[in-house]
Amino acid sequence: MVKEHWLDEFVSSIMKVSKEHVVASGTSISGSAHIGNIADPLYAYAVAKEVERRGGRARAIWVADDMDPLDSVPPPIPSDFKKYLGMPYTDIPDPYKCCSSWAEHFTKEFLDAVDKLKLEVQAVSGAEMYRDGTYLPWIRVSLKEARVIRNILLEVSGTSKPNDWLPYMPVCENCGKIGTTYAYDFSGDKVLYKCIVDVGYAKGCGYEGECDIKSGRGKLQWRVEWAARWAALGITVEPFGKEHAAAGGSYDTSKVIVKTVFGRDPPIPLTYEHVMIGGRKMSKSKGNIFTPAQWFEVAPPETLKFFFFRAHPMRHKDFRVEDLPKLVGEYEKAERVYYGFEVIQDPKISSLAKRNYELSQLDGPRPIMPIQLPYDFAVVLVQLYPNITMERLLEILRLTGHLWREPTNEDLELMKLRLKHASTWVEKYAPEGLRLKLLEDPSTVRGLLTDKQREALRRAASIIMEREWNLNELNNKLFDLARSMGLPPSQFFEAAYMALMGRRSGPRLVNFIAAIGREKAAEMFLRASV
């Protein structure tokens, strides 16, 4: 039996509970979002879309947590923004001076990525939910049931709160901070507070005042707010990072609060592992991030979706931008499998590859497979021919066998975009080992080759010039040549790369020969061997 894709298994499980779902996701607007933050709306939309495909009803929501306090200033934002630490994102000016606030700027930036991925999610502002009264009934209940909430926090998470502690954080009328206020009493809709908390990144100013909860100038404490959000929006499913799912963590606490205090059922969780970058956890505050905008400079949105769908959410994911050609190569293989241009013998692996490809599309798969200009080959071409014309590109693709039909205008546009992406990747991220430069004088490596390697290069030059080869045939011919001479193929290919680039490895040789031209390749082989 062919194993179901993880998304299909998950949707099957939630549809046993109900055929109608509201799938929520949320992101703190603490700066430029990294690719890991995209998991929230991406998973939410995918779940909702699959529910609808199966005949159910669903919608996906993304909440901008824009009332949270600023707790660090991420690079490259100037350090003088530290004066805003502890203030809600909605009250902080835009560092780039193009929007009305920090919250608006980074929300727009995130939603731009969501739009490019064509994730149809309803965007909701947390601050607006406080201003328009969405949270108001749940704030009132929270204040009245503060003792119950304190007991839940103690029993579930081991967090002890003073007897007068209220689960509400007013914005201080004096200093503007929200992270440093302590609410201790209330009467009706008025909450009394003191700005006295030292949270490490900010310290209270000592002011004492009152806040009207209808004003939108305050927010619920996080674990209470999460429960209130579920209740207010009728959330039934929510993807979130694994740290929230830890024993005694946010989810454990909030699910008891929503049930006990608000009388609602908690959502079904879809827990995911965080994306690492180069083996380290991404951190906005440390500037250790790779953003969706950076991704879209070097690869299409479909490949970012593929990065997430190809592995279970709880599987380890480590992104290294220097390995991007390999990832895009996996996507290209899945595309060939989907359209039947490549066969994977294992039915389970084949089925998952097709499903990963299908889920990664922005508007569904095209009727016929696009002509592929492989990313790793594009990386070679843009280095050999920085200003390559479309005519020369098509000539090379005919030689390499990639041009299996006449290209459409859409194919040509996709090729132009691939060259642009590859060029940007080479310029910004390519490791030294993938930066290509033809050797000016191949004779300089002659002394580094054995007699047998030099002889093999001379014979290879003759073979290359025999005729216009199908590249797979040429590849087999070069392997046969090495074996016929008793030369390990690896040593032949090492000699070929030495003759062409002065180093012992490189891109697929026959593609490289097609790219530089067989006359040029044969000439360089001879100069390195005679």
Give a yes or no on this: more than 12 heavy atoms of other residues, nucleotides or ligands lie within 6.0 Å of atom CD of E440.
no
Hey, are D115 and K118 close enough for a salt bridge, meaning a charged N less than 4.0 Å from a carboxylate O?
no
Looking only at the aromatic ring of each residue, does the gap between the centers of Y272 and Y43 stay below 6.0 angstrom?
yes
Taking the six-membered ring for Trp, are the ring centroids of F106 and W102 within less than 6.0 Å of each other?
yes
Answer yes or no: is there an ion pair linking E395 with R398, defined by an N-O contact shorter than 4.0 Å?
no
Using the rule side chain to side chain donor-acceptor pair (under 3.5 Å), only one of H34, R280, K281 pairs with N288; which is it?
R280
Atom CZ of R57 with >12 non-hydrogen neighbours under 6.0 angstrom:
no
Close side-chain approach of W425 and V382, heavy atoms under 4.5 Å:
no
Assess whether side chain to side chain contact (heavy atoms under 4.5 Å, CB included) is satisfied between T236 and W230, documenting all intermediate values.
CA-CA 8 Å; T236 61; W230 297 340; over 6 Å; no
Quick one: do K428 and E297 make a salt bridge, cutoff under 4.0 Å?
yes
Quick check: are there more than 12 heavy atoms from other residues, nucleotides or ligands sitting under 6.0 Å from CG of N409?
no
Between K49 and E120 (salt bridge meaning N to carboxylate O under 4.0 Å), is one present in this structure?
no
Any donor-acceptor pair under 3.5 Å from R446 side chain to V530 backbone
yes
Below 4.0 angstrom, N of the basic side chain to O of the carboxylate: do R54 and E20 qualify?
no
R59 vs I61, side chain to side chain contact (heavy atoms under 4.5 Å, CB included): CA-CA, chis, key distance, verdict
CA-CA 7 Å; R59 62 190 178 100; I61 296 174; 3.5 Å; yes
Any residue meeting side chain to side chain contact (heavy atoms under 4.5 Å, CB included) with R320, in chain and number order, not counting sequence neighbours:
D318, E322, D323
Ion pair R405/D411, N-O distance below 4.0 Å
yes
Hey, is CZ on R467 packed in by over 12 heavy atoms from elsewhere, all under 6.0 Å?
yes
Here the pair of heavy atoms bringing P442 nearest to R527 is CD-CZ, 3.5 Å
Flag the pair Y357 / F306 as yes when their ring centroid distance falls below 6.0 Å, and as no otherwise.
no
Salt bridge R518-E523, side-chain N to carboxylate O under 4.0 Å
no
Salt bridge check: are R458 and E455 linked by an N-O gap of less than 4.0 Å?
yes
So does D480 pair up with K477, basic N to acidic O under 4.0 Å?
no
Does this structure show an ion pair linking K116 with D112, if we count only N-O contacts that are shorter than 4.0 Å?
yes
When you check the side-chain N and O atoms of E494 and S505, is any donor under 3.5 Å from an acceptor?
no
Test side chain to side chain contact (heavy atoms under 4.5 Å, CB included) applied to M498 and T444, L439, L449, the passing residue:
L449
K354 bridged to E358 by N-O distance under 4.0 Å
no
Charged N-O contact under 4.0 Å between D65 and R229:
yes
